[in-house]
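As a basis for the values below, the full set of heavy atoms in this structure was taken, side chains included, without hydrogen atoms, waters or symmetry mates. Counting convention: from 1, in listed order, for ligands and their atoms alike.
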Amino acid sequence: MSEDLSKDFIRQIIDQDILEDSSCQVVTRFPPEPNGFLHLGHAKSICLNFGVAAEKNGITFLRFDDTNPTKENEIFVESIKKDVTWLGFDWGKKLTHASDYFEQFYLAAISLIEKNLAYVDESTPEEIKISRGTLTKPGIDSPFRSRSAQENLDIFKRMRNGEFSDGKMILRAKIDMASPNMNLRDPAIYRIRHYQHQRTADKWCIYPMYDFAHALSDAFEGITYSLCTLEFEDHRPLYNWFVKQVETQHCPRQIEFSRLNLAYSLTSKRKLNDLIEKGVVDGWDDPRLVTISGMKRRGYPASAILDFCKRIGVTKKDNIIEMGVLENCVRKNLGDTSERRMGVLKPLKVTLSNYDEGQVEYLDAQNHPNFPDLGIRKMPFCRELYIESSDFLEDAPRKFFRLKPGGEVRLRYAYIIRCDEVIKNSNGEVIELICSYDVDTKSGTGKSDKKVKGTIHWVSAQHSITSEVRLYDRLFKIPDPANVDDIEASINPHSLEIVEAELESSFAEENAPKVFQLERNGYFCLDNMSEKKSFNRVVTLRDSWAKIEKQALNS
Ligand code: ATP
Ligand code: MG
């Protein structure tokens, strides 16, 4: 069988392994640290880990990497579970925690000490840092490196018993202080932290370091493919060293892939946390963040996020994905499923001088242009209407086909109207248009063959529902906010605009859609989190940023 090049390199490796050994199992894990909410980068990892296993009837663990009690929290654990489920993945019974293995880690450390492969170092953190050397200079051995196994065992046990204060000493692996790979220069295995752990309370006061705990957790769970991001490539020799020296029954294999970077956004829990603490955004579920909960609240369907992850693929090349790729997935997923409605975001009043006061007509409007099965609804039409302020221009250029003084436009599903008079307030701002409608031009009647170039949306002023609508734009005005020092200065001041919109009356109905397209304005959804009824713009209909973004990324 030749390799299937339509598959990413990880899937090709797995195919090859199965070809060589049909009993080969696919066991993966998604190992988040519960120190924040998940973001789009995690979604990529979730899709990959759960995806490759599902394709081969394998198993995926959801494992909380809870080895750093000072940063971790039960709230994050719950949010992570909720987000993974929302994305559509199921870990079944395979929910684990690094802390489940604390005793086994401890015994593994003891075994390393007994083999003379680990020692307790009482040097200060500064001394340890200096003695590790640099990329161009080998490190030097710690004076504690030659301690006997017996002495190390005794001190390490006392470390566990809480005899020493934080930072007093660490347990280090004894590997090679001259290794060109800095990770192998006697890395720390355990440190002292007198801190309540969210699951084990005060049972432990020593906690294992990430590299040690991660490699061993993978080995204990029988993970066959430990998929992680590229920055761990240099850690792989250490990963393999731990697995080998601890002599675990199973040897997992680490494979690295590139992390997801999305232009104009942040995918780092630490940086997201900074934004939240500084009050720049409302919280982890702020709809401007590409956290899973933010995107969910914004109205992105899970299917769009899965589509996106599929589209960007899995490679070893670092790159930045344009925001438009994500937004296009959202548009594609909403386009077929959301019903159309009318709503005016920035209302301008129109009075039809030749339409009888008190008269109301109910006009047929389609719920979806491509799917007649989705039916029609009745839209009330009367003398006073609202149109979008941007659909009127007093000094319009020749090619402006919407409303202008003396000009004509079609009101969707209704009549052609002509603008006869412009009313302004004392500041010279247009506040109302007096128009006349042409009774013969009612949509669908074919009575008149009058044609106009523009069609605009509208709502009946008498029936419309005033609603708060939140218009979101990119949170950052620069494509790569992860690499700036002053993150607050790179915030787009127009990332959130709240408007009082006028929505068509059907929104008062019990079964009004929760996610819908406002014709010509974009996709919207009911905000589930706010106390009053308000709507979020999910995404605009077209990518108005595409050009700007291309220029910025190429410059
Ligand atoms: P962050 O910097 O946001 O805290 P992290 O890698 O420290 O990210 P973890 O909770 O340790 O966060 O990540 C869980 C898993 O998600 C890891 O396997 C990690 O490789 C993966 N992951 C995190 N960020 C990304 C990303 N941007 N792209 C792809 N995978 C990611
Ligand atoms: Mg991490």
Just to check, does [X] reach to within less than 4.0 Å of ligand 1 when the distance is taken from its heavy atoms?
{"X": "K271", "answer": "no"}
{"X": "F30", "answer": "yes"}
{"X": "E33", "answer": "yes"}

Is it the case that ligand 1 has an N or O less than 3.5 angstrom from some N or O of [X]?
{"X": "L260", "value": "yes"}
{"X": "K269", "value": "yes"}
{"X": "E231", "value": "no"}

Mark up the atoms of ligand 1 that fall under 4.0 Å of a heavy atom belonging to [X], in ascending order.
{"X": "T229", "value": "20 (O), 29 (C), 30 (N), 31 (C)"}
{"X": "S268", "value": "2 (O), 3 (O)"}
{"X": "H42", "value": "3 (O), 8 (O), 9 (P), 10 (O), 12 (O), 13 (O), 14 (C), 16 (O), 22 (N), 23 (C)"}
{"X": "H39", "value": "3 (O), 24 (N)"}

Using a distance-only test with no angle check, is there a side-chain donor-acceptor pair under 3.5 angstrom linking [X] and [Y]?
{"X": "T224", "Y": "R253", "result": "no"}
{"X": "N183", "Y": "D211", "result": "no"}
{"X": "R474", "Y": "H494", "result": "no"}
{"X": "S123", "Y": "D121", "result": "yes"}
{"X": "E256", "Y": "T229", "result": "no"}
{"X": "N49", "Y": "S45", "result": "yes"}
{"X": "R470", "Y": "S534", "result": "yes"}

- Item | Region of R270 that comes within reach of ligand 1 [heavy atoms, distance under 4.0 Å] | neither
List, one per line, each side-chain donor-acceptor pair under 3.5 Å for residues 80-88, sequence neighbours excluded.
{"unit_1": "K81", "atom_1": "NZ", "unit_2": "E78", "atom_2": "OE2", "d": "3.4"}
{"unit_1": "T85", "atom_1": "OG1", "unit_2": "K81", "atom_2": "O", "d": "2.8"}

- In plain terms, say whether E55 and R11 are close enough for a salt bridge, that is, a side-chain N and a carboxylate O under 4.0 Å apart.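 A salt bridge links E55 with R11.
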For [atom], state which one of [options] supplies the nearest heavy atom.
{"atom": "atom 30 (N) of ligand 1", "options": "A482, S258, P32, G41", "value": "G41"}
{"atom": "atom 17 (C) of ligand 1", "options": "C228, P34, P31", "value": "P31"}
{"atom": "atom 21 (C) of ligand 1", "options": "S45, A43, C47", "value": "S45"}

